[in-house]
**Student:** 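Before I ask anything, let me first share the structure, which is written out below as structure tokens.
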Amino acid sequence: MTGYRIHVWFDPDGLERGEPIHDDGVITLPMIPVPGMELRDGAGQIAVIRRVILFAVPGPDNAVAAVVCEAGG
């Protein structure tokens, strides 16, 4: 699949609350996501994108952006 490599961070209890975020690695998407979009992992869990950070230069893993997600419904 061609597209954009996106670094995903997940915050299990929501932004600015107790548990720290954790790194979920890099995925490839056909477009750069925007806040409010949903992602579904291989187990069927849904996460809502809360923040999108665009990189000026791709990172060492060739990611062009990072997203911070929280559990969604």
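Starting from 1, each residue takes its place in the sequence as its number. Computed from a predicted structure; not experimentally measured.
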**Student:** Nearest 0.5 angstrom please: Ile32 CD1 to Ile53 CD1, how far?
**Tutor:**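 The CD1 atom of Ile53 is 12.0 Å from CD1 of Ile32, to the nearest 0.5 Å.
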
**Student:** Residues in side-chain contact (heavy atoms from CB on, under 4.5 Å) with Asp24, at least two apart?
**Tutor:**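 Scan of Asp24 (side-chain contact (heavy atoms from CB on, under 4.5 Å), adjacent residues dropped) gives Val8, Phe10, His22.
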
**Student:** If you group Ile, Leu, Val, Met, Phe, Trp and Tyr by side-chain heavy-atom gaps below 4.5 Å, do Met31 and Val26 land in one group?
**Tutor:**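 Hydrophobic grouping puts Met31 apart from Val26.
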
**Student:** Within the 4.5 Å heavy-atom criterion, are Arg51 and Glu70 side-chain neighbours or not?
**Tutor:**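 In short, these two side chains do not touch, never coming nearer than 4.5 Å.
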
**Student:** Measuring from Met37:CE to Ile49:CD1, what's the distance to the nearest 0.5 Å?
**Tutor:**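 Those atoms lie 5.5 Å apart.
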
**Student:** Are the side chains of Leu39 and Val48 in touch, meaning some heavy atoms are under 4.5 Å apart?
**Tutor:**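 Side chain of Leu39 against side chain of Val48, heavy atoms only: no contact under 4.5 Å found.
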
**Student:** Only distances under 3.5 Å count here; give the side-chain donor-acceptor pairs of residues 61-69 to other protein atoms, sequence neighbours excluded, each with its distance to 0.1 Å.
**Tutor:**
residue : atom : partner : partner atom : Å
Asp61   : OD1  : Ala63   : N            : 3.1
Asp61   : OD2  : His7    : ND1          : 3.1

